[in-house]
Amino acid sequence: MNTIAAGRDKVPGDVIDHLGALDTRLRWLSAWTIHNANHIRESRDGLKVGGHQASCASITAIMAVLYFHALRPQDKVAVKPHAGPVLHAIHYLLGNQSLDQLQSFRGLGGAQSYPSRTKDKIPVDFSTGSVGLGVAITAFASLVQDYLIAHGQLAPEKAGRMVALMGDAELDEGNIYECLIEGYKHDVRNCWWIVDYNRQSLDATTADRMFNRFDDIFRTCGWRVLTLKHGKLQRAAFKRKGGSTLSRWIDDCPNADFAALTYQGGAAWRKRLLDDLAADAAAVALVESFDDEALAALMTNLGGHCIETLAEAFATADDDVPTMFIAYTIKGFGLPFAGHKDNHAGLMNPGQAHSLRDSLGIAEGDEWAPYGGLGDNAATALAAFVAQSPLANPPAPADAAPVPVPARIPTPEGREQSTQAAFGRILLDLAKSGQPLADRLVTTSPDVTVSTNLGAFVNQRGLFRRQELPDVFHAARIPSAQKWAGHGAGQHIELGIAENNLFLMLTALGLSAPIFGTRLIPIGTVYDPFIARGLDALNYGCYQNARFLLVATPSGLTLGPEGGAHQSINSPLIGMGQPGLTYFEPAYVDELAIIMRWAFEHLQADDGGSVYLRLTTRVLEQLSREDDSWQADALKGAYWLKKPAQGAEAAIVYTGTIAPEVLAAWEVLLEDLPGLGLLAVTSPDLLHRDWSAARAARWSGRGSPTSHIEHLLGELAAHAGLVTVIDGAPSTLSWLGGVRGMRVSPLGIDRFGQTGDLIDLYREYRLGTDAIVEAAAELFLGGVSQ
Ligand SMILES: Cc1ncc(C[n+]2csc(CCOP(=O)(O)OP(=O)(O)O)c2C)c(N)n1
Ligand SMILES: [Mg+2]
């Protein structure tokens, strides 16, 4: 174990004292913020408000030293979710957070429970909440930083450190290890992960068996590991007679015993130590030299609570080597439930909170005073220390200039094409075009670069690697379609098969504008069914307003030969249900071209978001259009491919690659259903959102807008019927019946897939032309046609 004893630079005593005072301030203010929300603010619904006083108290020393001493303005931090109140307290002291926000912690519009980039009013570099993701995002952000430096878009001296403040239970999340492996491959640097190693999770004390395992795992992956196990008091005691015995006892003490003794306090420590160390007279004498209070202070003087130890450790890691700090701490340190295994969501009762207040010398009514309880001189000195800390005068937030989007993205030529192939073609054409947009594209894929058709773009623009990576096959003149040399100017970041990493990579790339001041246009490709594998990371990216284009292909039954395990069914619903992500599923490649152009703008718009394209390898004969009049409607989510006769009583509505079957059915049905409409839905998601927004506007008296879908369906008779068709969950489109109260017969897939060709599978899943005709007959003609 690499236990920090002393760092390179001694930190001046007055700095240590100030940081110690700030540790206490942060512990108090975070505890009081949570106390206020739970015990003082009026409860209108009787629900427990919550908050995590123990998780905060565990990390206040670490955050005091980091924020008021070690961080540089260019560094970015992801704070463990349950330490949100500590971050608010820090910004309260820095003058960036209002009292009103603290008092409305966890209320509408107040300080958020977990740090949020978009909702909090203080600077939050990375949102957190779902444990593990906020940790890994820092490694991907480091990679993005290296990308920008290599592309001349960030000066090397402006490189910051990407820091994760994490709970120890986050080390159980698998995405940490996926990230660790990917980070090693890419030689990640400028990254600190600081573990608040309190050895408690939500339910329990953590397993002793993991002791020293994390060190091994991280070192294997190229990280420096600094373990901050003992504080200064302990280290001093270990140097005294009997000290080595005491040190060994602490090292051997099971996590649960240590936690329980911490909770029980000085007398319990004494009894246990005297029992266990009875054979060593010097150790007994050492223990007896402390009174109960001093003994408790000694035994809980772990590295993560010792200002000096922390400051020195941070100073030690002054290079760009990725570094993990294992800072031993006590959950609930300094609070009445310190060490209790059930303390995760524990709240001090009013009596306990008042005792803590009194013990800090804070007068009743002075609880929110930033430096309450300190004498005038001490308060002034501490305020001055805070005012000169590196973060007190942060640089202006980055304001990344938009990347111009070409007025037109040409439709790839060809009578027969798939949307997937056209996507690859469009990117290749862009790569060759020399447009400014092309230089800002960054593509990435979890080992499906070739099979999602990014290969040609990569041939053109290269793999991104900080160190040159020769294309051995190319050099040896071995024929291959993929000519991928890696270099600093490359624009494709190749990932191993880990979809969590794809979405975190996209998130980090998609935050490049607000975080690093340069806008990138990230495009990630994945097989559609495997979106589900990284769903929480996708949600995480959208939650913090990262901007990226997700291209998922192939999808649906068109993956038939691959079998049921590869057929995506509910991904359209994911696209519709995910805030911050707009889902499109074009059938034809001219639709794709205008949608991609729209996406490049939407990705950059203030009120924009990310975009998800569900594509396929199915080759369709393309339509010859009479004009461009369909385009505006297609970008709103739907257009009439065959306009219904005014007041027609029926329409077929479809999304995506099932278009030829739908067109064939339309031809068949036209005879019996004159004026039958055919509605091409390019984005069920946009249609639904727009419909919801229009209704919300009407309810709340903000005018009487008509949504696009209301407008389109308004061309049909009020009692008309709809047959909806999609190679995916039928509920993607079945809601259309509710727009104007029309009967609807939704076709789609709601059973697991299986191998087969499309002819068989369309029949099996009731999706082909016959099925559409039958559904229409049932709905419109009162029976099933033969
Ligand atoms: C993905 C996810 N699963 C579950 C939770 C619920 N949860 C919140 S905190 C926590 C345990 C945290 O323990 P640790 O990381 O050690 O933090 P600390 O002890 O510092 O509070 C759990 C399970 C969550 N926030 N995210
Ligand atoms: Mg913990």
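Read the numbers this way: they start at 1 and go in the same order the structure lists the ligands and their atoms.
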Problem - Asp168: side-chain contact (heavy atoms from CB on, under 4.5 Å) partners, not counting sequence neighbours - result: Val195, Tyr197, Asn198, Arg199, Thr206
Handout entry: Protein N, O or S atoms lying under 2.8 Å from the Mg ion (ligand 2), listed by chain and number
Key = Asp168 OD1, Asn198 OD1, Gln200 O
Practice task
Specify whether His35 and His39 have parallel, tilted or perpendicular ring planes, treating 30° as the upper limit for parallel and 60° as the lower limit for perpendicular.
Solution key: tilted
Exercise for the section: Could you check if a side-chain atom of Arg533 sits within less than 4.5 angstrom of a side-chain atom of Asn500, using non-hydrogen atoms only? Expected result: no
Practice task
Could you see which bit of Lys80 sits under 4.0 Å from ligand 1, with heavy atoms only: side chain, backbone, both or neither?
Solution key: side chain
Fill in the blank from the handout: For Glu170, the atoms of ligand 1 under 4.0 Å from one of its heavy atoms are 15 (O)
Practice task
Check ligand 1 against Glu173 and write out every atom of the ligand that is under 4.0 Å from a heavy-atom position of the residue.
Solution key: 1 (C)
Handout entry: Asn198: numbered ligand 1 atoms lying under 4.0 Å from its heavy atoms
Key = 18 (P), 19 (O), 20 (O)
Problem - Side-chain donor-acceptor pair present, Thr60, Asp23, cut-off under 3.5 Å - result: yes
Problem - Distance under 6.0 Å and angle within 45° of ring axis: Arg106 vs Tyr114 - result: yes
Handout entry: Flag if over 12 foreign heavy atoms under 6.0 Å of OH, Tyr184
Key = no
Handout entry: Proximity winner for atom 23 (C) of ligand 1, if only heavy atoms of Val131, Leu171, Thr329, Leu202 are counted
Key = Leu202
Practice task
Anything under 30° is parallel, anything over 60° is perpendicular, the rest tilted; go ahead and classify Phe314 against Trp192.
Solution key: parallel
Fill in the blank from the handout: Within 4.0 Å of some non-hydrogen atom of His82, the atoms of ligand 1 are 8 (C), 9 (S)
